[in-house]
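Everything numeric here is computed off the predicted structure, so don't read it as measured data.
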Amino acid sequence: MKNIHHILKEFWGFGEFRPLQEDIINSVLNQNDTLALLPTGGGKSLCFQVPAMALDGVCIVISPLIALMTDQVENLKAKGIEAAAIFSGMAHSEIDTTLDNAVKGKYKFLYVAPERILTEMFKVRVQKMKVCFVAVDEAHCISQWGYDFRPSYLRIAELKKLLPNKTFLALTATATPKVVLDIQEKLEFKQPNVFSKSFERNNIAYIVQFEENKLDRTLKIIRNIGGTGIVYVRNRKRTQEIASYLKQQKISSDFYHAGLAPNERNWKQQAWKTNRCQVMVCTNAFGMGIDKPDVRFVVHLDVPDSLEAYFQEAGRAGRDEKKAYATILFETKDIEEAQNNLEQSFPIIDDIKRVYKSIGNYYQLAVGSGEGVSFDFDLNSFSSTFKLNPVLVHHSLRFLEKENYLSVSDNGYIPSRFKIAVSQMDLYSFQVKHVMLDNFIKLLLRSYSGAFDGFVNIYETEIAKRAGLPRDEVIKLLQRLHSFQIIEYVAAKTLPQLTFTKERQDEKSIYFSEQNYAFLKLASLEKLNAMLHYLQESNICRSKQLLAYFGDAQKNDCGQCDVCIEKKKALKIEAKTHDLIELIKLKLAESSKNLETLLQETKHTNKTEFISVLQYMLDNELISEIESDLYSIN
């Protein structure tokens, strides 16, 4: 077995592990099923990447987010580590080739979307692979008590039967005590085994402010704190409006949401990460996988759905461990709006069925067919075609996923891919016969290694520059080689992928458990109520409230949240008031005095404050008013 410290230094350039990372890694190396609870930015990926590099065989990583999978695959490849991913939207032949290569031992990491582990193709091949262990990322998705429950995660335990005696490592940044127990139960841990780093982020000041003029307050926060930051809102339109307002106020800002074109999203993200843009105004589509250490503030202008979601988004601030601020600005109507959003997120069952039927018609899919088939899915186009409310469609899709009728991937850009579909000898013969394509084929081979073994990413614009051809012409040449069956070419995906996880059902066969529906609604209501309680509880330290929710006890107040700051102010006022009371008693012990004399002798300059203290002393019978405006000590 390779030394984990050498691996850390060689591939990641770090001299030492962060707290708990080494303990988690050693637990995996000792073949113990392990649950790792590390806060956002706590280095979860290294907890499975390092031990996998120390062991023989492929590490299977189950992750629900295509964007994160593709990012990690590219990052590993950049370090010279072979990795691949299988997710919705890939061609059957592409999945087939990737699984074949995994069986042959060509990858150290195989990332798999949870719905893909249910397919017969995967189940057959995984038993032929030399697997070192299985990592389950975003493990809270396996629990119905988790804030992002996904039914496909419930089937992960079936891998234990296919891979007997293999270790499972579950990782998450947000889990309540109930979810922690549920994860271990669902993954059939042989014995409880949890490594939990404290959720405390003592460099972040958590602030909650009741504020009607949110834009003005946001502007003050940005100017007072400085540095880069994130402003979260729910509505796509508002991202643009608020970014425009900030620009008018001479703040470098931009907006971001899932409806933007992939190249635009990438450009905006890079501009912000490299500090060319100070503030990103965005929906919650922004942030996953972004590890920018010097974020100084995160502001929420709308109420998050849960403390889990809030903690994850707020946790994007201050990863460099320097002082940062996480602020929620809310007003009375926001609470009502949050409650209405919850109601909207639970459409009536007849509406969910209508959406499902419309999806089948949209893709002209016959009842009894379509299992495992993926389609590009444009929410707005679909909603417009069938005159459906996009919000209704969005929430109906969530329930169709929960009942395992279909799945919808995150809206991430997936680059084009290709592989050489013939042997080197057959390719040479083809080049001899098709001289006009010879130079283009040679350019592909020079530009992209590994295309004989499996699919590799290809960037048409890059090839166009090297070939001195228009991009459209490059695409035509790739399509032509595909038609000759010399290469397999899969064009880039820019839309979410909708996959039928089971064959299309007729309307009468669609079943929704009313009990499950009621359970999910109750769980969501509990989460929202916890969020609203956090907003309205002004007596308990914010950090204490958050940590208590995640089962992490904190003895001392943080001293820097809005609650703690107000307590400090109150103590100062109390001490100052006590001193003034003693001074008034001292002066009245000499003789009875009126208000003006007392003000003059005590040298107190705030008359309003002084009168309120006098009234307090009268109410508590410390002094008496013997006649109008003449006071004496009791």
Side-chain angles (χ1 to χ4, degrees), residues 64-65 114 138-154 172-183 185-186 208 232-235 258 283-285 287-288 300-314 328 330 333-353 355-356 379 389-408 410 511-537 545-546 548-551:
L65 299 166
E138 308 294 339
H140 56 269
C141 294
I142 204 169
S143 173
Q144 284 189 298
W145 295 106
Y147 79 102
D148 192 20
F149 169 62
R150 303 194 181 207
S152 52
Y153 262 68
L154 293 174
T172 182
T174 46
T176 62
K178 189 184 291 186
V179 172
V180 168
L181 292 172
D182 207 19
I183 291 170
E185 183 183 314
K186 294 291 195 304
V208 176
Y232 279 109
V233 295
R234 278 183 181 274
N235 186 287
T283 62
N284 60 9
M288 292 303 292
H300 281 77
L301 299 184
D302 291 310
V303 177
D305 292 329
S306 66
L307 283 172
E308 289 96 332
Y310 174 65
F311 192 72
Q312 190 171 64
E313 289 161 9
I328 300 178
F330 81 103
K333 69 176 184 180
D334 291 335
I335 293 174
E336 188 177 331
E337 189 175 314
Q339 291 166 336
N340 289 338
N341 285 332
L342 176 66
E343 285 301 318
Q344 282 189 329
S345 67
F346 285 83
I348 62 173
I349 290 174
D350 284 347
D351 281 343
I352 301 171
K353 289 182 177 181
V355 169
Y356 179 77
L379 175 66
N389 183 327
V391 175
L392 168 69
V393 173
H394 169 76
H395 292 301
S396 295
L397 289 171
R398 284 180 59 246
F399 275 96
L400 290 165
E401 282 191 281
K402 284 178 168 58
E403 295 291 340
N404 207 31
Y405 287 106
L406 50 78
S407 68
V408 182
D410 53 306
Y511 172 74
F512 288 92
S513 164
E514 290 186 15
Q515 185 179 359
N516 193 39
Y517 182 94
F519 171 83
L520 291 171
K521 189 168 185 177
L522 177 62
S524 296
L525 181 61
E526 286 180 1
K527 290 182 184 304
L528 177 60
N529 285 340
M531 185 72 239
L532 297 181
H533 183 266
Y534 174 78
L535 294 183
Q536 297 168 311
E537 174 55 77
Q545 289 185 58
L546 288 168
Y549 182 78
F550 292 108

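Counting heavy atoms from C-beta on, the side chains of L528 and Q339 come closer than 4.5 Å. Counting heavy atoms from C-beta outward, M531 and P304 have side chains that approach closer than 4.5 Å. The shortest side-chain heavy-atom distance between Q536 and I335 falls under the 4.5 Å cut-off. Looking only at side-chain heavy atoms (C-beta outward), I183 and Y153 stay at 4.5 Å or farther from each other. By the 4.5 Å heavy-atom criterion applied to side chains, Y534 and Y549 are not counted as neighbours.
Aromatic ring orientation, F519 versus W145: perpendicular (interplanar angle above 60°, classes split at 30° and 60°).
Looking at Y405, its side chain never comes within 3.5 Å of a backbone N or O of L397 through a donor-acceptor pair. Within the 3.5 Å criterion, the main-chain N or O of R234 finds a donor-acceptor partner in the side chain of D302.
Counting all heavy atoms, side chain and backbone alike, L520 lies closest to F149 at CD2-CD2, 4.3 Å. Nearest heavy-atom pair across T172 and A139 is CB-N, 4.0 Å. Listed here is the closest heavy atom pair of P114 and P64: CD-CA, 3.9 Å. Annotation for D182 and S143: closest pair OD2-OG, 2.6 Å, computed over non-hydrogen atoms. Residues L546 and L307 approach most closely at CD2-CD2, 3.7 Å, considering heavy atoms. In terms of heavy atoms, Q312 sits closest to E138 at NE2-OE1, 4.4 Å.
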Only distances under 3.5 Å count here; give the side-chain donor-acceptor pairs of residues 343-351 to other protein atoms, sequence neighbours excluded, each with its distance to 0.1 Å.
| from | atom 1 | to | atom 2 | distance (Å) |
| --- | --- | --- | --- | --- |
| E343 | OE1 | K521 | NZ | 3.3 |
| S345 | OG | L342 | O | 2.6 |
| D351 | OD1 | R354 | NH2 | 3.2 |

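Atoms CG and NZ, from L154 and K186 in turn, are 6.5 Å apart once rounded to the nearest 0.5 Å. With values rounded to the nearest 0.5 angstrom, N284 atom CG is found 8.5 Å from H300 atom NE2. Rounding to the nearest 0.5 angstrom, the gap separating the CG atom in L532 from the CG atom in L525 is 9.0 Å. Taking CG of D334 as the start and CD of E336 as the end, the distance is 10.0 Å to the nearest 0.5 Å. Note: N389 CG to S396 OG = 9.5 Å, rounded to the nearest 0.5 Å. How far OH of Y232 is from OG1 of T283: 8.5 Å, rounded to the nearest 0.5 Å.
Between H140 and E308, the side chains place no donor N or O within less than 3.5 Å of an acceptor N or O (distance only, hydrogens not considered). For the residue pair Q144/N516, the side-chain donor-acceptor check at 3.5 Å is satisfied.
Residues passing the side-chain hydrogen bond (donor to acceptor under 3.5 Å, both in side chains) test with E401, sequence neighbours excluded: none.
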Go through the steps for F311 and F550 under the test ring pair (Phe, Tyr, Trp, His ring centres under 6.0 Å), then give the verdict. CA-CA 10 Å; F311 192 72; F550 292 108; 5.1 Å; yes
